[in-house]
Amino acid sequence: MNSSELIDGYDLKKLTVGALGGHSALDICNGAKKMGFQTLVVAEEGREKTYTKYYRARKLSKEGTVGCVDDVIEVKKFRDILDRNVQDALRSKNTLFIHSRYFWVYFDDFARVENDFAVPIFGSRSLLKLEERDQPYNQYHLLKDAGIRAPKLFEKPEDIEIGRMVIVKAHEAKRGYERAFFLTMASNFEARANEQIKRGEITKEGLKEATIEEFVVGAPVNFNFFYSPLSDELELLGTDTRRQTNLDGFLRMTAEDQTWAKQFTPVKMIETGHIACTVKESILEKAFDLGERFVRATQAKKCDPTGRGIIGPFALQGAVVADEGREDIVIFDVSMRIPGSPGIRSTPYSGYLYGEPISIGERIGMEIRKAVREKALEKIIT
């Protein structure tokens, strides 16, 4: 279905903004409520209380209205959103769905989301799969086509250059949708890999499919952008960096204690949250240039056959490095949708543009509201 067909029969004066219950649902709902839209969350059984109880929109006797989630549809598994009755319920509420990484990791076959989910999605539904490194054309190819500096890749352990430190990214043994990381060099690759397998962090099969990437030593920064097809403008909404367990705990120890503790507790890099951070103003122009290159590359037919490219939020995640005294940005990960970092509004960059900081959820709501007002909703949905 094309964009016009997806909203056929919708009452554009009574739109609902929907999301899967996790990742960024509260950010999305809070922003949509501020822009005057009804909100809806599709929540998985056993994980619904955040939306049905704690942040459910409700009236208090004296304080007025609190909460940001107006309605909740409970399903046994997230992938049940593809069931016809759930889709009919979403369409009956004139729902525009905001996708997140959950749409990939919790679905057996993402192609069904692309082809069978008859609910309009804000953003591109065909680009999300490029985040996965096992796709024929993936984020590595996209970054290369965009002329954006990325870490050097090594196809197999034997290809690792002598003296080069690498980070190995393999699927976790227990949570196959997430990745386990470990650092190594050519000289101790086998020993470090076997150590991870022995501890049950990864499997032998997962190691065979792992990505071996140059380890970039720099200050980690995620650049969180928003591209508006309505104005053809790129905005930097904020910057942040990751908190990872139990790496953050290790970093609080002295070097002596780290060495001692590592005998009993392996270092893990499981993402558990984000911290707002800023960058030097002199770096901003370079960051914007990368963002503009990225937008143009996504609009190429080899990346997106429709030529529409990225719509709305995306993130270029990497590090600021110093090469011979000059700073540069290296990008080692890409988010083709809303990043799961509601603290982005705590940085000043959206405030420089709009007068006060706004969240990504608010910016999405603003774009939807503008599209409705200009009768251009087809430009921002797929």
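Side chains included, hydrogens not; waters and symmetry mates left out as well; all remaining heavy atoms used. Since this is a predicted model, take the numbers as computed values, not measurements.
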Set out, in order, the CA-CA distance, both residues' side-chain angles and the distance that settles salt bridge (Lys or Arg N to Asp or Glu O under 4.0 Å) for Glu362 and Arg345, then state yes or no.
CA-CA 10 Å; Glu362 287 178 85; Arg345 66 177 299 165; 3.2 Å; yes

Side chain to side chain donor-acceptor pair (under 3.5 Å), that's the test. Do Asp27 and Ser359 meet it? Break it down for me.
CA-CA 7 Å; Asp27 191 11; Ser359 68; 3.3 Å; yes

From CA spacing to verdict: salt bridge (Lys or Arg N to Asp or Glu O under 4.0 Å), Lys76, Glu44
CA-CA 6 Å; Lys76 289 186 177 181; Glu44 193 173 80; over 6 Å; no

Verdict with supporting geometry, Glu131 and Asn138, side chain to side chain donor-acceptor pair (under 3.5 Å):
CA-CA 6 Å; Glu131 291 187 19; Asn138 57 47; over 6 Å; no

List the steps and the verdict of side chain to side chain donor-acceptor pair (under 3.5 Å) for Gln244 and Thr272.
CA-CA 5 Å; Gln244 295 170 306; Thr272 189; over 6 Å; no

Between Ser3 and Arg308, is a side chain to side chain donor-acceptor pair (under 3.5 Å) present by the stated rule, with each step listed?
CA-CA 12 Å; Ser3 299; Arg308 300 177 67 185; 3.1 Å; yes

Evaluate ring-ring contact (aromatic ring centres under 6.0 Å, His included) for Phe294 paired with Phe314, printing each intermediate quantity in order.
CA-CA 10 Å; Phe294 186 83; Phe314 68 95; 5.0 Å; yes

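Scored by the salt bridge (charged side-chain N to carboxylate O under 4.0 Å, His left out) test, Lys379 finds no partners at all (sequence neighbours excluded). Considering only residues two or more places apart in sequence or on other chains, Tyr352 meets the side-chain hydrogen bond (donor to acceptor under 3.5 Å, both in side chains) condition with none of them. Taking Asp232 as the reference, Tyr227 meet the side-chain hydrogen bond (donor to acceptor under 3.5 Å, both in side chains) condition, with sequence neighbours excluded. Among residues two or more places apart in sequence or in another chain, the side-chain hydrogen bond (donor to acceptor under 3.5 Å, both in side chains) test is passed with His274 by Glu271. With sequence neighbours excluded, the residues that form a side-chain hydrogen bond (donor to acceptor under 3.5 Å, both in side chains) with Glu201 are Lys268.
Distance alone, capped at 3.5 Å, is enough to place a donor-acceptor pair between the Asn194 side chain and the Glu190 backbone. Remark: side-chain polar atoms of Thr347 are paired, donor with acceptor, to backbone N or O of Ile344 under 3.5 angstrom. A side-chain donor-acceptor contact under 3.5 Å links Asn115 to the backbone of Ala111. Within the 3.5 Å criterion, the main-chain N or O of Val372 finds no donor-acceptor partner in the side chain of Lys375. Judged by distance alone, the side chain of Asn94 and the main-chain N or O of Asp11 form a donor-acceptor pair under 3.5 Å. With hydrogens and angles ignored, the 3.5 Å screen pairs no side-chain donor or acceptor of Asp248 with any backbone N or O of Thr245. With hydrogens and angles ignored, the 3.5 Å screen pairs a side-chain donor or acceptor of Gln87 with a backbone N or O of Asp116. Looking at Thr298, its side chain does come within 3.5 Å of a backbone N or O of Ile310 through a donor-acceptor pair. Panel note: side chain Thr184, backbone Arg192; no donor-acceptor pair is recorded below 3.5 Å. With hydrogens and angles disregarded, no donor-acceptor distance shorter than 3.5 Å links the side chain of Tyr349 to the backbone of Glu235.
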Can you give me every donor-acceptor pair (side chain of residues 315-332, partner residue at least two apart or in another chain, under 3.5 Å) with its distance?
unit_1 : atom_1 : unit_2 : atom_2 : d
Gln317 : OE1    : Arg242 : NH2    : 2.5
Gln317 : NE2    : Ser335 : OG     : 3.4
Asp323 : OD2    : Arg149 : NH1    : 2.6
Asp323 : OD2    : Arg149 : NH2    : 3.2
Glu327 : OE1    : Lys280 : NZ     : 3.2
Glu327 : OE2    : Lys280 : NZ     : 3.3
Asp328 : OD2    : Arg149 : NH1    : 2.9

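Residue Leu15 holds its CG atom at 13.0 Å from CZ of Arg369, rounded to the nearest 0.5 Å. For the atom pair CG (Leu96) and CD1 (Ile364), the distance works out to 11.0 Å, reported to the nearest 0.5 Å. For the atom pair OG1 of Thr241 and CZ of Arg243, the computed distance is 10.5 Å after rounding to the nearest 0.5 Å.
Two rings, from Phe223 and Phe288, have their centers 6.0 Å or more apart. Taking the six-membered ring wherever Trp is involved, the centroid distance between the rings of Tyr55 and Tyr51 does not fall below 6.0 Å.
Between Arg91 and Asp88 there is no salt bridge, since none of the side-chain N atoms of the basic residue sits less than 4.0 Å from a carboxylate O of the acidic one. Electrostatic pairing of Glu209 and Arg133 does not count as a salt bridge here, judged by no charged N lying under 4.0 Å from a carboxylate O. Checked for salt-bridge contact, Arg56 and Asp70 miss the test: no charged N lies under 4.0 Å from a carboxylate O. The pair Arg179-Glu172 fails the salt-bridge criterion, with no side-chain N (NZ, NE, NH1 or NH2) lying under 4.0 Å from an Asp/Glu carboxylate O.
Residues Ile81 and Ile28 share a hydrophobic cluster, clusters being chains of Ile/Leu/Val/Met/Phe/Trp/Tyr side chains in contact below 4.5 Å.
In Glu356, the CD atom is not crowded: 12 or fewer heavy atoms of neighbouring residues, nucleotides or ligands sit closer than 6.0 Å. For His171, the NE2 atom sits in a loose shell: 12 or fewer heavy atoms of surrounding residues, nucleotides or ligands are nearer than 6.0 Å.
With Phe107 as the aromatic partner, Arg79 does not meet the cation-pi criteria of under 6.0 angstrom to the ring centre and within 45 degrees of the ring axis.
When Tyr102, Phe122, Phe103 are each tested for a ring pair (Phe, Tyr, Trp, His ring centres under 6.0 Å) with Phe97, only one passes: Phe103.
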